[in-house]
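Notes follow once the structure below has been shown.
For this chain, numbers begin at 1 and follow the sequence in order. Just so it is clear, the model here is predicted, and its values are computed rather than measured. For ligands, and for the atoms within them, numbers begin at 1 and follow the listed sequence.
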Amino acid sequence: MRLTILLLALSILNLNAQTQTDLSYYLPQNTTYNKSIPTPQSVIGHDVGEWHITHDKLVQYMQALATASNRITIENRGTTYEGRPLLLLTITSPKNHSNLEQIRQSHIASTENNSVNTSDMPIVVYQGFSIHGNEPSGSNAALLAAYHLAAAESKDVTDLLDQTVILFDPSLNPDGLQRFAYWANTNKSENLNPDPNDREYQEVWPGGRTNHYWFDMNRDWLPVQLPESRARIASFHKWLPNILTDHHEMGTNASFFFQPGIPSRTHPLTPKLNQELTKNIGNYHAKALDKIGSLYYTEESFDDFYYGKGSTFPDINGGIGILFEQASSRGHIQESDNGILTFPFTIRNQFTAALSTLEAAKGMREDILNYQHDFYKNARNEASKENGKAIVFGDEKDAAKTYHLAEILERQHIDFHELKSDFTSNGKRFKKGYAFIIPKNQKNTRLINAMFEKRTTFQDSLFYDVSAWTFPLAFGLDYSEGVSTSNAGTKVESLSMKTGTVSSKSNYAYLMEWHEYYSPKALNAILESGLRAKVGMKQFSTNGKSYDYGTILIPVQNQNKSPEDLYRFLQDVAKDSHINIDAVATGLTQGIDLGSNQFRSLEQPKVALIVGDGIRSYDAGEIWHLFDQRYDMRLTKLDTRSLSRVDLSRYNTIILPSGSPNASVAKDLKQWVQNGGTLIGYRSALNWLNSNKFIKLDFKKMELTAKNISFEQRGDFRGAQVVGGAIFEADIDRSHPVNFGYKNEKIALFRNNTMYMNPDKQSYNNPIRYSKNPLLSGYISKPNLDSLALTVPYASKRLGQGRVVAFTDNTNFRAFWYGTNKLLMNAIFFREEL
Ligand SMILES: [Zn+2]
């Protein structure tokens with residue numbers, strides 16, 4: 001008892017010591033600070049670490065610094081979905097500032113010329129903070145780092161600024177940072193309470209990690225689908241930084257991590273020297289953290305495999321990416337295995353690592369600059385061996401999807417060309433205007449390889465994230481490697497989307513094929529305006545043109561618009577959705593005539609998405625984003641908390657993303673399906689639907705027994721059975737409505753789970769089926785691959801008047817898996833026909 005009291009007293013003492021938040025706690029003692037530079041406290045009204053910085057105050061301070069300091073300029077590179085500015089500070093000596101564009105051009109030239117003199121060249125360092133908004137010590141440390149760099153008067157700092165251009169990104173995720181700051185601040189007590197049970201440390205769904213649409217933005221550096229990434233990747237390519245740092249947080253009981261990560265899990269396209277330099281940079285972090293007594297570790301976790309992460313993306317672009325992970329206090333102070341963990345302590349470690357990065361940049365400047373120069377020189381050598389070779393990709397039926405992949409190339413500074421004329425390669429037809437060609441002999445040839453390669457053998461069998469991301473497969477586009485550049489037409493200088501048109505005015509009917517990516521957007525606009533439309537269940541041809549399964553028919557007669565108004569309306573729809581609509585003058589066709597019963601009436605979808613506790617926010621956010629940003633379709637987000645109080649009859653379709661809501665909602669939801677609703681479930685939600693008897697699904701059980709596996713190896717043994725994310729081939733029955741709009745007999749699916757659904761006895765109920773040898777790209781263990789072969793990712797069954805649709809795989813992965821978005825849209829628009 002007495003001991004407990006003593007310990008308690010000691011820990012309170014300790015607690016006071018560690019909640020000190022004035023500048024002397026953080027800043028190095030070997031410099032004076034320029035009094036004319038405002039301290040964080042003087043602008044934001046509180047000490048760093050006393051409260052969680054909100055993004056608006058962060059912006060306020062950065063602007064104040066830029067105004068006061070001739071070492072800093074500031075730019076706004078765009079806005080987040082919630083309208084917050086995406087700031088970038090450029091921090092360097094006033095002398096460099098006066099010559100900045102020249103420095104930038106010389107820097108870029110050094111990646112393009114065969115010789116370079118790095119003796120006087122500044123090194124370029126991109127410092128980015130808190131891409132996960134609820135890992136806030138980074139952005140809070142950014143206040144201190146920016147202040148220090150603006151105000152410190154020591155020779156160390158002025159020398160540093162002479163030799164370094166710092167691109168300083170104080171918040172990589174403004175919307176997430178704001179969301180988390182609100183949470184931590186509103187739950188803070190005057191008497192800081194380290195009890196982990198306190199509400200302060202139990203952030204509500206969906207948490208501040210992600211951006212507005214609940215995306216993990218630290219997966220988007222390669223696909224660049226989100227506004228925050230777009231701004232950042234533009235800055236990246238403008239400068240090609242030598243070092244890029246990415247400040248994160250991890251579990252409360254951990255210490256501090258800096259890279260290198262697990263050596264065997266480095267992507268093989270990354271040069272060996274990159275990891276050696278990373279290790280040398282690590283020595284600077286170790287020294288700095290030793291000095292303040294902070295524990296840390298390296299090489300035991302995290303990796304450098306997926307190039308879509310901030311600490312790995314630079315590695316395929318001649319730079320060095322560094323990941324930092326600080327144990328998180330989540331709120332202001334929390335008990336941990338390492339004693340009381342305070343927010344200021346976490347900030348100080350991040351600040352210290354930010355400075356040791358700059359120390360390393362200065363100390364290793366020439367080595368790192370030469371490394372980058374050699375990276376591009378070697379890449380040029382590789383590329384020249386492929387002179388005359390190119391990759392072609394496209395879809396003669398889908399210009400929009402083709403455009404969106406080209407848009408990524410443009411954002412990643414990869415050159416591509418129009419086709420000179422239509423041609424066929426490997427049995428695939430590529431049509432001018434619907435395909436692009438990428439010459440291999442160009443600067444970013446390694447990045448091209450990283451985006452287009454298919455890889456099925458690996459050094460390690462464990463992955464921190466996905467093991468494959470082959471872009472043409474993600475987009476479901478035809479592509480062919482090793483084609484001749486003689487097929488290339490003019491180089492694309494500014495990419496633009498095809499304008500959609502209506503061929504002419506009709507007094508009879510209009511037809512719209514279903515292949516284009518934005519055809520669901522068009523159909524939704526049509527149905528939403530109260531127009532009648534039908535879907536063709538069979539192929540037919542008219543006016544010398546063949547129409548595929550799923551063609552949409554809009555009759556002119558008996559609509560709520562006059563023929564003239566209908567024509568004008570459809571012109572707008574065609575333009576907004578970049579699709580072509582054909583006018584037809586007769587109902588007589590080769591195949592089903594336009595009055596045939598094989599054209600089925602369509603009803604406007606009224607869709608709700610189940611979100612909230614129990615649901616995986618990433619999967620839900622991807623669907624919300626798809627509807628809201630891509631298809632302009634209204635989607636009601638139904639929270640699991642209020643589901644039982646809602647009149648579900650307003651909706652004809654409900655989507656249940658991966659997860660399992662509380663069993664209490666099952667009764668209402670089932671009643672709604674029985675009354676005629678269509679419930680679409682994804683991934684782990686299928687187990688919930690199965691156990692709550694919405695649908696009977698038959699899953700294969702895979703049993704694996706460890707043989708000759710030691711206790712020490714057990715983690716790796718189990719980890720090797722994880723499907724972290726790979727790409728698989730499935731055969732499809734194109735006549736089934738869930739596959740309408742797909743022109744090939746095979747599709748590529750992304751999968752990151754081990755749910756193996758046995759096919760139905762009736763073959764026509766298995767419209768999508770994994771091939772016999774389904775692996776296209778990525779890692780999967782042999783037992784899992786054997787289990788996956790010939791199983792099905794899709795099932796649909798009636799329940800009362802309604803229907804339950806099941807997808808074992810995520811068809812909307814991370815906003816860049818354009819290739820399978822249509823499967824969900826088909827399940828929604830053609831739900832009566834499944
Ligand atoms: Zn993180």
Under 4.0 Å between a Lys/Arg side-chain N and an Asp/Glu carboxylate O for D169 and R77?
yes
For the Zn ion (ligand 1), state how many protein N, O or S atoms fall inside a distance shorter than 2.8 Å.
4
Let me know which of L358, I72, T164, L89 forms a side-chain contact (heavy atoms from CB on, under 4.5 Å) with L149.
L358
Test of ring centre spacing under 6.0 Å for F256 and Y297:
no
For F180 together with H52, are the ring centres under 6.0 Å from each other?
yes
Would you say S311 and D246 are linked by a side-chain donor-acceptor pair, where the criterion is simply a distance under 3.5 Å?
no
Can you confirm if the NZ or CZ of R209 lies within 45° of the ring axis of Y618 and under 6.0 Å from the centre of its six-membered ring?
no
